Chemist: 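Here it is, the structure in full.
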Amino acid sequence: MRRLLLSVIAIAFSITMLSANGTAMAQDAETEGAIKYRKAVMTAVRGHMGAMAGILKGSGNKADLTTHANAMVSMSKISATVFSEGSDFGETTALPAVWEKPDDFAMAIKAFQDAAANVATAAKGGDMAAFGQAFGGLGKSCKDCHENFREKKEKKWKK
Ligand code: HEC
């Protein structure tokens, strides 16, 4: 009887461990997915940035400038939602500061959104000099945030 009881306890214990493990795995998958999504969003941001830089240099299609600029406005809004709580470990180069200094990070997001809005306004206006200036401001917003909230590239996965 005692033996039976012990094995019942042992089985119950392994089931508990299994499901705890399952939960951990589900969380890992969720985190991994959140990080992948964040990187995809940032890659899209870079894509529109590169496309606008091309148009500014005279290659590409000037008529598409507003499309890229408006897309950047949308991406800047999405960017505010891709740093979910708990997505701070794993294959990410986001620094803990994103979550440890939420007010500073919110300011960096706001600067990005404002700069993207300026770029969209300038693109609509059609004056390329004004656009160039707004575009510079947008580039600065990337750089400022990356400097404070993203690991320097050379540090990535060298540990
Ligand atoms: C508010 C902060 C912030 C702003 C603004 C910002 N980024 Fe990022 N960016 C990050 C962080 C943090 C990461 C690291 C994400 C990760 O590894 O999880 C990142 C990653 C990236 C990546 C690498 C994605 C990958 O696959 O690893 C690119 C490219 C990028 N950003 C481009 C830009 C460009 C271009 C702009 C401006 C138009 C910009 N970012 C604006 C915070 C920002």
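Indexing begins at 1, ligand by ligand and atom by atom, following the structure's order. Since the model is a prediction, treat every value here as computed from it, not as a measurement.
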Chemist: Counting from 1, what ligand 1 atoms have a heavy atom of F149 closer than 4.0 Å?
Modeler: 12 (C)
Chemist: Do you know which two heavy atoms are closest between F89 and T31, and how far apart they sit?
Modeler: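 Closest approach of F89 to T31: O-CG2, 3.8 Å.
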Chemist: Specify the closest pair of heavy atoms between L65 and M52, including all atoms of both residues, with the distance to one decimal.
Modeler: CD1-CG, 4.0 Å
Chemist: How close do I109 and S79 get, counting heavy atoms only, and between which atoms?
Modeler: CD1-O, 3.7 Å
Chemist: Identify, with sequence neighbours excluded, every residue that meets ring pair (Phe, Tyr, Trp, His ring centres under 6.0 Å) alongside F83.
Modeler: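 Residues passing ring pair (Phe, Tyr, Trp, His ring centres under 6.0 Å) with F83: F105.
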Chemist: M49 heavy atoms, cut-off 4.0 Å: which ligand 1 atoms fall inside?
Modeler: 38 (C)
Chemist: Which ligand 1 atoms are under 4.0 Å away from a heavy-atom of T43?
Modeler: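 With T43 as reference, the close atoms of ligand 1 come out as 26 (O).
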Chemist: Would you give the angle at atom 8 (Fe) of ligand 1 between H146 atom NE2 and M42 atom SD, to the nearest 10°?
Modeler: 170°
Chemist: My understanding is that we take every heavy atom of each candidate and find the minimum distance to atom 3 (C) of ligand 1. Doing that for C145, S76, A108, which one comes out nearest?
Modeler: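 Closest candidate by heavy-atom distance is C145.
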Chemist: Would you mind listing which atoms of ligand 1 come within a distance below 4.0 Å of any non-hydrogen atom of C142?
Modeler: 34 (C), 35 (C), 36 (C), 37 (C), 38 (C), 39 (C), 41 (C)
Chemist: Taking only residues two or more places apart in sequence, or in another chain, which ones meet F135 in a ring pair (Phe, Tyr, Trp, His ring centres under 6.0 Å)?
Modeler: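 Listed in chain order: F131.
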Chemist: For ligand 1, which atoms have a heavy atom of F105 less than 4.0 angstrom away?
Modeler: 1 (C), 2 (C)
Chemist: Only one of I78, T81, V82 clears side-chain contact (heavy atoms from CB on, under 4.5 Å) with R38; which?
Modeler: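 Between R38 and the candidates, side-chain contact (heavy atoms from CB on, under 4.5 Å) is satisfied uniquely by V82.
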Chemist: Can you see which heavy atom on A120 is nearest to which on N70, and at what distance?
Modeler: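 Result for this residue pair: CB-OD1, 3.7 Å.
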Chemist: Evaluate T93 for polar contact with ligand 1, using N/O atom pairs at a separation under 3.5 Å.
Modeler: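 Yes - when backbone and side-chain N and O of T93 are compared with those of ligand 1, one distance drops under 3.5 Å.
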Chemist: Heavy-atom contacts with S141 under 4.0 Å: which atoms of ligand 1 show up? List them by number with element.
Modeler: 5 (C)
Chemist: N/O of R38 under 3.5 Å from N/O of ligand 1, yes or no?
Modeler: yes
Chemist: Give me the one residue out of K77, Q113, M49 that meets side-chain contact (heavy atoms from CB on, under 4.5 Å) with M72.
Modeler: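 Of the listed options, the one satisfying the test is M49.
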Chemist: Under 4.0 Å from a heavy atom of R46: which atoms of ligand 1 are those, numbered in the order shown and with their elements?
Modeler: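 This gives 29 (C), 35 (C) as the contact atoms.
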